[in-house]
Structures are given as C-alpha cells and as structure tokens.
Novice: 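Pasting in a structure now, in structure tokens, and then I'll have a few things to ask.
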Amino acid sequence: MSGRVSSASWYGVRCVFRHGPLGVYEERITLWTARSADEAVERAEAEAAEYCEDLDGVEYARLAQAFTLFGTPGDGAEVFSLMRGSTLPPGEYVDRYFATGDERTA
C-alpha cells in the first residue's frame with residue numbers, strides 16, 4: 001500500500017430495517033461521498049443507528065450493500081444496482097422477490 005489517499009466517490013448504500021410495530025421491513029438507499037465502499041457502509045450504518053433511535057420499534061437488520069456511482073449524481077443517475085442469478089422467467093422472478101402484495105411505499 002502506497003499510503004496515497006484516494007479521492008472520494010459517490011456511493012449508494014442500501015440498508016434494511018425491521019419496523020416491529022408495523023410488521024414490515026424497509027429498504028433505504030442513502031447517498032454518501034467516501035473514499036471507499038467500506039467507508040460509505042460505515043457512515044451509512046452510523047446513520048442507520050440514528051434512524052432507529054428516532055423511531056419506536058425499528059431495528060437495523062444488519063444488512064448494508066454499497067454501490068459505487070459513476071460520476072456525480074444528477075437527474076436519472078443510477079444510485080444502486082444488485083445482480084442476482086436466476087433461471088426464473090421475468091414474471092415469476094418479480095413475483096418471488098418483489099411483488100408479494102405486501103409492499104408498502106413511503
């Protein structure tokens with residue numbers, strides 16, 4: 001390691017929370033400028049702890065996934081991407097992982 005400090009990049013970090021009283025899980029994606037994905041996750045997890053303190057019955061599920069953004073965020077910027085291998089056709093994939101009928105949006 002050269003000891004050189006890398007420049008900061010933008011990261012999207014997805015964290016998962018359980019809202020006990022509501023019986024739901026929440027996925028939040030927050031944006032961070034950091035020098036590494038690890039730093040972005042560390043900062044997002046600190047924010048996650050604050051988020052839980054502000055809400056009754058909410059706990060952080062200890063899942064954080066980071067995505068390096070390409071360039072500076074702007075209109076239409078991709079802020080998160082996750083690829084999952086599957087042989088399911090599109091409709092079945094969406095039904096299995098996303099369209100359960102129990103989704104809630106803020």
Side-chain angles (χ1 to χ4, degrees):
M1 182 132 179
S2 68
R4 252 179 66 197
V5 177
S6 63
S7 62
S9 297
W10 282 96
Y11 294 87
V13 180
R14 176 171 71 166
C15 291
V16 177
F17 301 86
R18 180 176 177 270
H19 290 256
L22 299 176
V24 299
Y25 283 86
E26 175 187 16
E27 296 179 26
R28 293 176 69 234
I29 298 173
T30 53
L31 294 177
W32 304 94
T33 54
R35 297 193 185 284
S36 69
D38 287 342
E39 179 187 339
V41 167
E42 183 178 310
R43 293 178 64 203
E45 287 186 322
E47 189 276 339
E50 291 176 15
Y51 181 73
C52 291
E53 287 176 12
D54 292 340
L55 299 168
D56 290 331
V58 177
E59 67 180 292
Y60 174 46
R62 309 295 304 161
L63 175 71
Q65 298 172 313
F67 172 76
T68 307
L69 278 68
F70 302 100
T72 302
D75 196 30
E78 180 179 39
V79 297
F80 198 84
S81 176
L82 174 73
M83 293 186 180
R84 177 186 289 128
S86 176
T87 58
L88 293 172
E92 289 179 37
Y93 179 88
V94 169
D95 287 346
R96 178 167 182 182
Y97 293 107
F98 297 99
T100 67
D102 294 323
E103 293 83 5
R104 298 171 77 172
T105 58

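One-based numbering along the sequence shown.
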Novice: Indicate yes or no: at least one non-hydrogen side-chain atom of Phe80 is less than 4.5 angstrom from one of Gln65.
Specialist: yes
Novice: If hydrophobic clusters are built by linking Ile, Leu, Val, Met, Phe, Trp and Tyr wherever their side-chain heavy atoms come under 4.5 Å apart, do Val13 and Ile29 end up in the same one?
Specialist: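 Different clusters: Val13 never reaches Ile29 through Ile, Leu, Val, Met, Phe, Trp or Tyr contacts under 4.5 Å.
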Novice: Of the non-hydrogen atoms in Ala34 and Ala40, which two are nearest, and what is the gap between them?
Specialist: CB-N, 3.7 Å
Novice: Check this for me: Arg28, atom CZ, are more than 12 non-hydrogen atoms of other residues, nucleotides or ligands nearer than 6.0 Å?
Specialist: yes
Novice: Any sub-3.5 Å donor-acceptor pair from Glu39's side-chain atoms to Arg35's backbone N or O?
Specialist: yes
Novice: Going from CG on Leu55 to CD on Glu50, what distance comes out if it is rounded to the nearest 0.5 angstrom?
Specialist: 12.0 Å
Novice: Mind checking whether Val94 and Leu88 sit in one hydrophobic cluster, side chains of I, L, V, M, F, W, Y counted as touching below 4.5 Å?
Specialist: yes
Novice: Would you name the heavy atoms of Val41 and Ala66 that are closest together and state the gap between them?
Specialist: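 Distance-wise, the nearest heavy atoms are CG2-CB, 3.8 Å.
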Novice: About how many Å separate CD of Glu59 and CZ of Arg18, when rounded to the nearest 0.5 Å?
Specialist: 5.5 Å
Novice: Please state whether the rings of Tyr51 and His19 are parallel, tilted or perpendicular, taking 30° and 60° as the class boundaries.
Specialist: perpendicular
Novice: Quick one: are Arg84 and Tyr97 in side-chain contact, heavy atoms under 4.5 Å?
Specialist: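 In contact.
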Novice: Assigning hydrophobic clusters by single linkage (Ile, Leu, Val, Met, Phe, Trp, Tyr; side-chain heavy-atom cutoff under 4.5 Å), is Phe67 placed with Leu31?
Specialist: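 Same hydrophobic cluster.
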Novice: Could you tell me the separation between the OH atom of Tyr11 and the CH2 atom of Trp32, rounded to the nearest 0.5 Å?
Specialist: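 Going from the OH atom of Tyr11 to the CH2 atom of Trp32 covers 14.0 Å.
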Novice: Look up atom CH2 in Trp10 and atom OG1 in Thr33, then write down how far apart they are to the nearest 0.5 Å.
Specialist: 5.5 Å
Novice: Shortest non-hydrogen contact from Pro21 to Gly57?
Specialist: CD-O, 3.3 Å
Novice: Is the count of non-hydrogen atoms from other residues, nucleotides or ligands lying under 6.0 Å from Tyr93 atom OH greater than 12?
Specialist: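 Atom OH in Tyr93 is crowded, with more than 12 foreign heavy atoms closer than 6.0 Å.
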Novice: How about CG on Asp54, more than 12 heavy atoms from neighbouring residues, nucleotides or ligands closer than 6.0 Å, or not?
Specialist: yes
